[in-house]
Amino acid sequence: MSPILATALQLLALVGALALVHRPFGDYMAAVYTSPRHLRIERCLYRCVGVDPDARLRPAAYLRAVLAFSAAGVLLLYALQRLQDKLPLSLGFEAIDPDQAFNTAASFVSNTNWQSYAGESAMGHLVQLTGLAVQNFVSAAVGMAVAVAVVRGFVHRSARSREGAARAHEGAARSGELGNFWTDLVRGVVRILLPVAFVSALALVATGVVQNLAGAHEVHTLSGATQHIPGGPVASQEAIKELGTNGGGFFNANSAHPFENPSGLSNLLEVFLILVIPFSLTRTFGTMAGNVRQGYALLGAMGVLWLGAVLAVTASEFAHPGTAAQAAGGAMEGKEQRFGEGASALFAASTTMTSTGAVNAFHDSFTALGGGATLLGMMLGEIAPGGVGSGLYGMLVMAVVAVFLAGLMVGRTPEYLGKKIGTREITCAACSFLVTPALVLSGTALAMALPDGEEAMTNIGAHGFTEVLYAYTSAANNNGSAFAGLGADTPFFNTTLGLCMLLGRFLPMVFALALAGSLARRAPAPATAGTLRTEKPLFSGMLVGSVLIVTGLTFFPALALGPLAEGLS
């Protein structure tokens with residue numbers, strides 16, 4: 001079978017699997033977040049933390065709960081790393097340095113999972129299990145909770161009678177209320193992430209992924225050398241790492257390591273886990289809005305952008321421009337033979353179009369245009385389909401921008417889901433999508449201007465610049481993948497990248513929740529002959545165009561200095 005045919009079949013199998021679960025899984029998540037009933041275990045958790053699960057929070061209160069919970073997570077994870085040498089199951093590892101501990105805590109709490117260390121030679125089992133793996137669950141659940149709160153604000157009173165689920169929590173947005181963060185958080189973990197991750201971990205173990213609590217095993221190679229191979233709870237962490245679009249690997253090689261991703265089947269399963277929640281949340285949105293076609297419109301825009309990225313990376317890698325790649329007959333440097341170019345490109349595009357950041361190949365060794373395509377995928381804002389939760393509310397923000405642009409073209413007040421888009425709403429939307437470019441470009445400029453940035457670069461010219469640009473793009477978009485030629489384990493990069501992760505995660509949440517609260521307070525406007533039909537394919541096309549135009553105008557100069565200059569030279 002030719003590599004191109006194998007790649008096409010894998011892509012078809014993946015799309016088919018995602019289509020198969022889209023409706024039932026999306027409807028199930030809508031039922032989870034709109035159900036008036038609490039499970040017994042959930043009530044126990046509410047009593048333990050002393051919260052009222054039936055209280056309704058305004059946007060400011062909801063945001064305070066999100067920030068307080070996340071700040072506590074940063075402090076706890078930082079303390080676990082600093083005290084690692086005094087904790088059980090540390091495997092003899094020393095305490096983590098302060099700057100690296102801050103970077104890692106900010107990374108995992110912000111759902112970025114950027115790692116400036118080798119996991120198997122730095123973190124003990126206790127930190128991996130009670131620190132990193134726990135944050136993989138709760139950081140993903142936070143993103144989903146914020147997305148659902150934003151949806152409540154958007155759809156309040158816009159869905160009248162077509163879906164009972166829309167009426168179940170209609171009162172949640174009364175007077176600008178967006179629901180209860182603690183309820184949304186607990187339900188996201190207990191009813192969605194834990195059961196799906198458990199089944200996924202079993203499936204990964206069946207494909208050969210390691211799961212134990214053993215330390216390093218000493219083995220002797222054929223040449224007579226001695227090698228230490230670490231074990232650990234890999235499958236359980238791998239499942240939530242992909243499902244929650246986290247990306248932090250148990251091993252430094254991440255999903256290229258055979259213990260994390262041993263075969264083509266496990267590779268396809270991991271890509272499926274990366275995409276299943278972000279794509280299915282569009283169905284959740286449509287169900288809660290009482291009009292599933294609104295969800296399909298967002299799904300169409302996400303699908304077009306994701307498929308375009310997959311084709312761009314795949315074509316660039318199969319074209320293998322460059323002397324070395326042409327001499328070798330393919331761009332296989334930095335890729336695993338068990339995956340090949342096609343599966344590596346599929347994984348790379350999917351992980352950078354979401355906020356996952358897991359890798360099964362060395363992105364720094366991709367062709368210049370292939371690496372540039374992965375970089376562009378993150379620059380789009382990771383909304384196609386984006387991270388769990390963050391992709392949905394990011395796309396809803398862009399939908400507001402799209403209807404605003406459409407309103408400018410026809411001279412009509414823009415509307416979305418029956419709500420007028422006014423000055424406050426478009427200001428919140430603009431601030432939300434401008435956060436990431438401001439962090440990326442400012443951070444890159446600072447690193448290039450200071451000696452700390454130059455000393456960390458192992459390459460010069462356009463490729464060296466791309467390494468720095470990729471690092472700040474990955475951090476500000478909460479992705480976590482890297483052009484690993486950059487020596488980023490320094491106090492300067494650990495600190496600046498950590499700050500970019502926190503600001504890139506929580507500032508968009510601030511503006512998204514403010515936007516949702518403002519829309520929740522607006523009375524629905526009756527549809528007229530001039531109302532833009534946002535459930536139609538035309539709107540999906542406008543949404544795709546808005547995303548590309550905003551990204552192109554913002555990042556094209558930086559891309560021209562990096563991957564485009566390298567690829568066209």
Side-chain angles (χ1 to χ4, degrees), residues 14 17-18 20-22 24-26 28-29 31-33 39 41-42 45 73 77 108-109 111-113 119 125 127-145 147-148 184-213 232-251 254-255 257 259-262 265-281 284 347 350-351 354-358 360 385-391 480:
L14 176 62
L18 291 170
L20 187 65
V21 303
H22 176 76
F25 191 38
Y28 170 73
M29 288 191 288
V32 165
Y33 288 112
L39 301 181
I41 187 174
E42 293 171 352
L45 291 173
L77 186 51
F108 277 78
V109 171
N111 200 240
T112 309
N113 294 40
H125 289 339
V127 176
Q128 292 269 22
L129 284 171
T130 63
L132 306 186
V134 168
Q135 282 302 322
N136 281 348
F137 280 95
V138 297
S139 67
V142 166
M144 296 169 69
V148 171
D184 295 336
L185 175 71
V186 169
R187 288 183 177 185
V189 173
V190 172
R191 302 194 194 185
I192 299 174
L193 295 174
L194 270 174
V196 178
F198 179 78
V199 174
S200 301
L202 294 179
L204 288 172
V205 170
T207 64
V209 179
V210 170
Q211 179 74 14
N212 57 48
L213 289 176
V234 180
S236 56
Q237 187 159 325
E238 191 74 13
I240 188 57
K241 154 192 155 182
E242 311 294 16
L243 181 67
T245 62
N246 295 283
F250 193 94
F251 299 99
N254 207 276
S255 291
H257 198 289
F259 283 6
E260 287 194 27
N261 192 5
L265 179 60
S266 66
N267 187 74
L268 196 61
L269 174 59
E270 290 184 16
V271 177
F272 171 81
L273 292 176
I274 289 171
L275 299 173
V276 64
I277 291 181
F279 272 131
S280 297
L281 276 174
T284 302
F347 199 106
S350 299
T351 197
T354 62
S355 64
T356 310
N360 73 345
V388 286
S390 60

Any donor and acceptor pair, going by atom type alone, linking the side chain of S139 with main-chain N or O of Q135 inside 3.5 Å?
-> yes
Determine yes or no for a side-chain-to-main-chain donor-acceptor pair under 3.5 angstrom, with T354 supplying the side chain and G387 the backbone.
-> no
Quick check: closest heavy atoms across [X] and [Y], and the distance to 0.1 Å?
| X | Y | value |
| --- | --- | --- |
| D184 | Y33 | O-CE2, 3.5 Å |
| Q211 | S236 | OE1-N, 2.9 Å |
| N111 | A140 | ND2-N, 3.8 Å |
| L193 | A141 | CD1-N, 3.8 Å |
| V138 | L185 | O-CD1, 3.9 Å |
| E270 | F347 | OE1-CE1, 3.9 Å |

Kindly indicate whether the side chain of T112, heavy atoms from C-beta on, has any atom under 4.5 Å from the side chain of S355.
-> no
Considering only heavy atoms from C-beta outward, does the side chain of P233 approach that of N212 to under 4.5 Å?
-> no
How long is the span from the [atom1] atom in [X] to the [atom2] atom in [Y], to the nearest 0.5 Å?
| X | Y | atom1 | atom2 | answer |
| --- | --- | --- | --- | --- |
| L275 | T245 | CG | OG1 | 10.0 Å |
| L194 | I41 | CG | CD1 | 8.0 Å |
| E242 | S350 | CD | OG | 10.5 Å |
| L14 | F272 | CG | CZ | 8.0 Å |
| M29 | L281 | CE | CG | 4.0 Å |
| F137 | L243 | CZ | CG | 8.0 Å |

Show the numbers, then the answer: is there a side-chain contact (heavy atoms from CB on, under 4.5 Å) between I277 and V196?
-> CA-CA 10 Å; I277 291 181; V196 178; over 6 Å; no
So among T351, N254, N267, which one has a side chain to side chain donor-acceptor pair (under 3.5 Å) with N360?
-> N267
With respect to E238, which candidate in S255, S200, S266 satisfies the side chain to side chain donor-acceptor pair (under 3.5 Å) definition?
-> S255
Over 12 foreign heavy atoms within 6.0 Å of CG, L202 = yes
For E260, check salt bridge (Lys or Arg N to Asp or Glu O under 4.0 Å) against everything at least two apart and list the hits.
-> K241
Of T356, L132, N246, the residue whose pairing with N113 passes side-chain contact (heavy atoms from CB on, under 4.5 Å) = N246
Can you check side-chain contact (heavy atoms from CB on, under 4.5 Å) on F25 and L18, steps first, answer last?
-> CA-CA 10 Å; F25 191 38; L18 291 170; over 6 Å; no
Once the angle between the rings of F251 and F259 is folded into 0 to 90°, is it parallel (under 30°), tilted (30 to 60°) or perpendicular (over 60°)?
-> perpendicular
